[in-house]
Structure formats: structure tokens, C-alpha cells
Peer 1: 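Pasting a structure here, questions to come.
Position 1 is the first residue of the sequence; numbering continues from there. Numbering of ligands and ligand atoms starts at 1, following listing order.
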Amino acid sequence: MQIGHNRKMTGAACLADMLKGYGVTHVFHVPAVLRTTYAEMERRTDIKRLHVHGEKAAAYMADGYARASGKPGICMAQVIGALNLAAGLRDAFLAHSPVIAMTGGREPKNKFRKVYQEVDDVPAFEPVTKFNATVDDVARFPDMVRQAFRSAVTGCPGPVHLQFRGNEGQIDAEEADMEPLVEPQFSRVPAFRPAPDERSLRAALQILQDAARPVIVAGGGVRASGAAAELVALAEALQIPVATSLNGKDSIPADHPLSVGVCGTYSRESANRVVNGADLVCFIGTETGGMTTHFWAVPKIGTPAIQIDIEPDALGRNYPLAACVNGDAKVTLARMAKNADPASAAKRKAWVGEAQKVCGEWRDKYAPALNSDAVPIRPERLCHELTRHLPDDAIVVVDTGHAGMWMGGMFDLTSPRQSYMRSAGHLGWAFPAGLGAKCACPERPVVTFTGDAGFWYHIAEIETAARWNIDAVTVVNNNGGGNQSKRGFDRVYGGKQTDRARELWTFRQTNFARIAEDMGALGLRVEDAAAFPAALAQALAAGRPAIIDVVTDIEALAPVAVS
Ligand SMILES: Cc1ncc(C[n+]2csc(CCOP(=O)(O)OP(=O)(O)O)c2C)c(N)n1
Ligand SMILES: [Mg+2]
């Protein structure tokens, strides 16, 4: 890193050099924005510039890239596509994913004159970003780009937005004396590992050790911190069952004897039962939001709780705390494990046995569905086939709605090397996010799970995947409708839907395998569960994008959460 070595250069050359310096390998965009920068990226870097079919998909790809790698994902749009891009940042914002959005925008000499395509986009980015700013003078490229990376990856990570002057960000063609200085520390999450203060750490540990029936609820902060091993070590040392949020599902493999599953709304019954049977809940890296706590019923407010978080303002937001620790999850958990008194574990033997019994009861209850040979295929069986056959270093990317419920509850991660990323609420997120994840981690298998309604959103991106040979595998749970809506419509129709009622949530039967083939990907259709493992193996070995269209039962409804 050099400081004070300015030289005359264009904003485009500066931005290209800085993106390279921060380790960016891909940018996702719809043309045309920062055209001169794209030409400089070609001349000066190996960065791949993927032009895709929609700005929202570009944002989701950048988000998937960011969650898979911990490095900021970059997406771009010209002024007319800016709000489409902003819409795509919302999931990244909810999931605390470091995405940097760059758009073209306001030119002072044209403002308020009805210039072509212009509205003031900046306010629309406000609710979905940590930092939302305009770059109006080319000399500001270096410090503004540094601030974008710094803001995206520090504290609780999240999206940022820079709007560059000019409809297409033509400011990048202007020159100034600049230095394309980068700060490598801010090129990925976590930028810092703030250590907890000793007093609060010891107080929390004491309360945890004294509890007879404690449970840990681990969230996305554990995955952002890379603290899974430390979490498991502490749980083992003190013999404490571990539930996770959906965002924290890959914090502990499902076959670990202390793992009880995902708790909350899109959850597994065993996790909710154990959390509600606990005498102390230890929240780690979770916002304690509605989905993780089943709208604050799991655990009930008033249950004794302690909390560890990198964001001080998360501590105690929803649950009054007996103690709290402000710090990075990995550092905090490692210190707690080091200071833990393993002798205290003996008193939790009965509780751990009880938690394991609850998990066994869940397995027995769902074994028939998980192993069902029914045609059309049961989604539980599809999840179970994924549990059994996914590679042990797979990145699993999951859509929301029923997809989130099925995979959150019925699918097991079986190796600490597997990763799990899920939509924080937006239907259609997973397919493009899976493509972005594969761009970030080309050496790892990426398997996306989505419903058919979710897949329809960004189906055009099959062409992008084929054009760039992004060999992710996408499994479509194809039941011919947006089936999660069935239950809600059943309710308003008094349990008896009319044919016209089904117009509100069913689709034409569609063969996605055939569409995939036409668009240049491998397309496989599975109508019998026994054929799924061979299809998955073929897709993983294809060396090109693959869509597995699995025909499933439209009457299958995921179990609702218990509390
Ligand atoms: C952007 C967005 N719009 C609407 C919804 C509401 N929603 C949740 S699930 C769902 C239908 C899901 O259908 P599909 O993906 O086919 O899965 P299935 O329930 O059929 O398994 C809808 C419309 C949402 N989550 N996100
Ligand atoms: Mg469906």
C-alpha cells in the first residue's frame, strides 16, 4: 500500500485498479453503466464482467457471491435500472450480506429538466443500505470506493450504494490526480474481530455454566465470523444443545449429538421443543428476530437469556438479558471455551439426553415422509435425498417460502465443510444467488433448491449461466404452483377451494428440463425419487449449468412451527 503517490488518471482506470486491488473477480450488471470502467477492467484486470438479464438478478448474484466468499459482491446498473437494483439489495440487507451497488445518476446540469429516464434514485437505496452516497467529482473515486468497502464489511455487514454522476456514470471518463489506494483489511468479512471485555465474558460464562437446561441459538453472525468450530467446541465442553436460525444452519452439522435443528418459524419441531424446554437461552450472532423466535414465542419473552453479538444495539432488543457480551463470535466463543469448567457439564447429562430423545421422536415421526416412494414425489423425500447425496464440501443455496421450510426442517447438513445460504424472504432469490456463489467458489459444488414459482422469477438467467458456463446445479421442486399459498387460501375459502380459487396460486404444468436444454444448460427431469441420486450425480459431473426438474406433490404442505 502506497500513500501519497497521486498520478493523473481517469476515474475508470482508478476504479478498475481498485476493484482488482480489493480482490474482486466478478461484477454483475445490466448495460450500460460505467462503460469506460468496463473497458479499463478488460485492459487492466482479469475481472469477469457478467451482463445478465435483469438488475434484480444482478444484485442477487452479487449477494450469493458475497455470502459464499465473505468478499463484497459488486452489481451495477445505469440510472433507469437503479430501482430494480435497489429492490435486489433488500435480501442482502436483511441477511447482512456485503453487496456494493454502483449506479449511474444525477447530472447537475440536467437536474429538474425532465432529462431522459431520470428520477432521484438515491432515497430508494436508503432503507436497504448501510451507506448510500453520490460520487460527483472524479477526484473522489478513491476515498468513496474505500468507504464503500469499509462500510460493507465492518460491524454487522451489509449493502452499500454509490451513485456515479451521469446517466451511465460517465464521470468515470474524467481525469484527476488520484491514487487507487486499497485497504486489504476491508476486502472481506470480518474486517475486525473485536474482543469482549473480560468482566462481561466471565459473567455470561458463569450463568451458562450454572444452568441445568441451557440451549444455544446460533445465528448468521456465527457464519459471518467463521466461528462454527469454536461454537461446537464450547457446546461440547459444556454439553449444551445447539439450535440455529435458518441463516446459521451451517454452524453445526445435523448429525452432531448436540444439534437439535433450526428453530423458529421455518424450523424443525425438535429445535422449537428444546428451546422452549430450556431454562436459559444463549443467543449468539442472531438478531432474535421474528423468524428465528417464531415471533417471540420460541423462546417466550421472559425466559432467562444471555446474548453475544458484534452489534451492541442488538443486545437485549427482544429478550431482557441476565448478561451480554459485545464482541466477535469466534474470539468470544474461543475465550469462553478456554475458560469453561468442563466439570460443570455433568449436571446437564439428563437435559442432553432429553434433547436427544426429542430429536429421535422427530426422526421417527418424519421417517415415513423422508423415505416415501410416493409419485408424485414428496418434498421431504427430495430433501432427504439431498442430505444423503450432497458432496461434503457443497454450498447449498435455498429459496424462501416452502423451499425455506422444507430445507430448513427436513434437510441435514452432514459435514462442517458444507455451507448453507438461504433467502431472507424474497421468492426467486436462490437461483441467481446460486450462480453468484458458484462464481465466487468455482472449486466447490453449488446446489440450489427452489420451488417452481421461485424459479420462474429469473429463469432468463439460465442463458447467463450457459454463456458464462457457471456450472451450478439447480433443483426445482416443481409442483406446478406457489403451493405455500395453499394453506392461506384454504383458510379464506373455509377449507374448500374452488377451481377459480386455485387460479390464484397454480400454474400451467411446465417442463423446466426442456426449457433448460433449449437455453444451453443440462436439463434433467425426475418423476420418481429413486432416480434422483443418479440425476444429481450427472448434474454435478456435467461441467456446465444443470437444472434438475423434480415433479412433486402439489398437495404436500410443510409442517407449521410448534411453539
Ligand atoms: C418477492 C416475494 N413475493 C411474494 C412472496 C410470497 N410467497 C412466499 S412463498 C410463495 C409461493 C412459493 O411457490 P414455489 O416457489 O413454487 O414453492 P412451493 O410453495 O410451491 O413449494 C409466495 C408467492 C415472497 N416470499 N417474496
Ligand atoms: Mg411450487
Peer 1: Would you call the rings of His26 and Phe28 parallel, tilted or perpendicular if under 30° counts as parallel and over 60° as perpendicular?
Peer 2: parallel

Peer 1: Sequence neighbours left out, cut at 3.5 Å: what donor-acceptor pairs do the side chains of residues 53-62 make with other protein atoms?
Peer 2:
unit_1, atom_1, unit_2, atom_2, d
His53, NE2, Glu463, OE1, 2.7
Glu55, OE1, Asn84, ND2, 2.9
Lys56, NZ, His458, NE2, 3.1

Peer 1: At less than 3.5 Å, what protein N or O atoms come close to the N or O atoms of ligand 1? Include the distances to 0.1 Å.
Peer 2:
unit_1, atom_1, unit_2, atom_2, d
ligand 1, 3 (N), Tyr457, OH, 3.4
ligand 1, 15 (O), Ala453, N, 3.4
ligand 1, 15 (O), Gly454, N, 3.0
ligand 1, 16 (O), Asp452, N, 3.2
ligand 1, 16 (O), Asp452, OD1, 2.6
ligand 1, 16 (O), Ala453, N, 2.8
ligand 1, 16 (O), Gly481, O, 2.8
ligand 1, 19 (O), His402, ND1, 3.0
ligand 1, 19 (O), Asn483, N, 3.2
ligand 1, 19 (O), Gln484, N, 2.7
ligand 1, 20 (O), Asn479, OD1, 3.1
ligand 1, 20 (O), Asn479, ND2, 2.9
ligand 1, 20 (O), Gly481, O, 2.7
ligand 1, 20 (O), Asn483, N, 2.7
ligand 1, 21 (O), Asn479, ND2, 3.4
ligand 1, 25 (N), Gly425, O, 3.0
ligand 1, 26 (N), Leu427, N, 3.0

Peer 1: Would you say the side-chain atoms of Asp91 pair up with the backbone N or O of Ala424, donor to acceptor, closer than 3.5 Å?
Peer 2: yes

Peer 1: Any chance the side chains of Tyr266 and Thr400 put a donor and an acceptor closer than 3.5 Å?
Peer 2: no

Peer 1: So how far is it from Asp309 CG to Arg317 CZ, rounded to the nearest 0.5 Å?
Peer 2: 8.5 Å

Peer 1: Do NZ/NE/NH1/NH2 and the carboxylate oxygens of Glu361 and Lys365 come within less than 4.0 Å?
Peer 2: no

Peer 1: I'd like to verify the contacts: list protein N, O or S atoms under a distance of 2.8 Å from the Mg ion (ligand 2).
Peer 2: Asp452 OD1, Asn479 OD1, Gly481 O

Peer 1: Between Trp456 and Phe512, is the ring centre distance below 6.0 Å?
Peer 2: yes

Peer 1: Could I get the full list of side chain to side chain donor-acceptor pair (under 3.5 Å) partners for Ser225, not counting sequence neighbours?
Peer 2: Arg193, Asp328

Peer 1: Salt bridge check, Asp518 against Arg514: does any charged N sit closer than 4.0 Å to a carboxylate O?
Peer 2: no

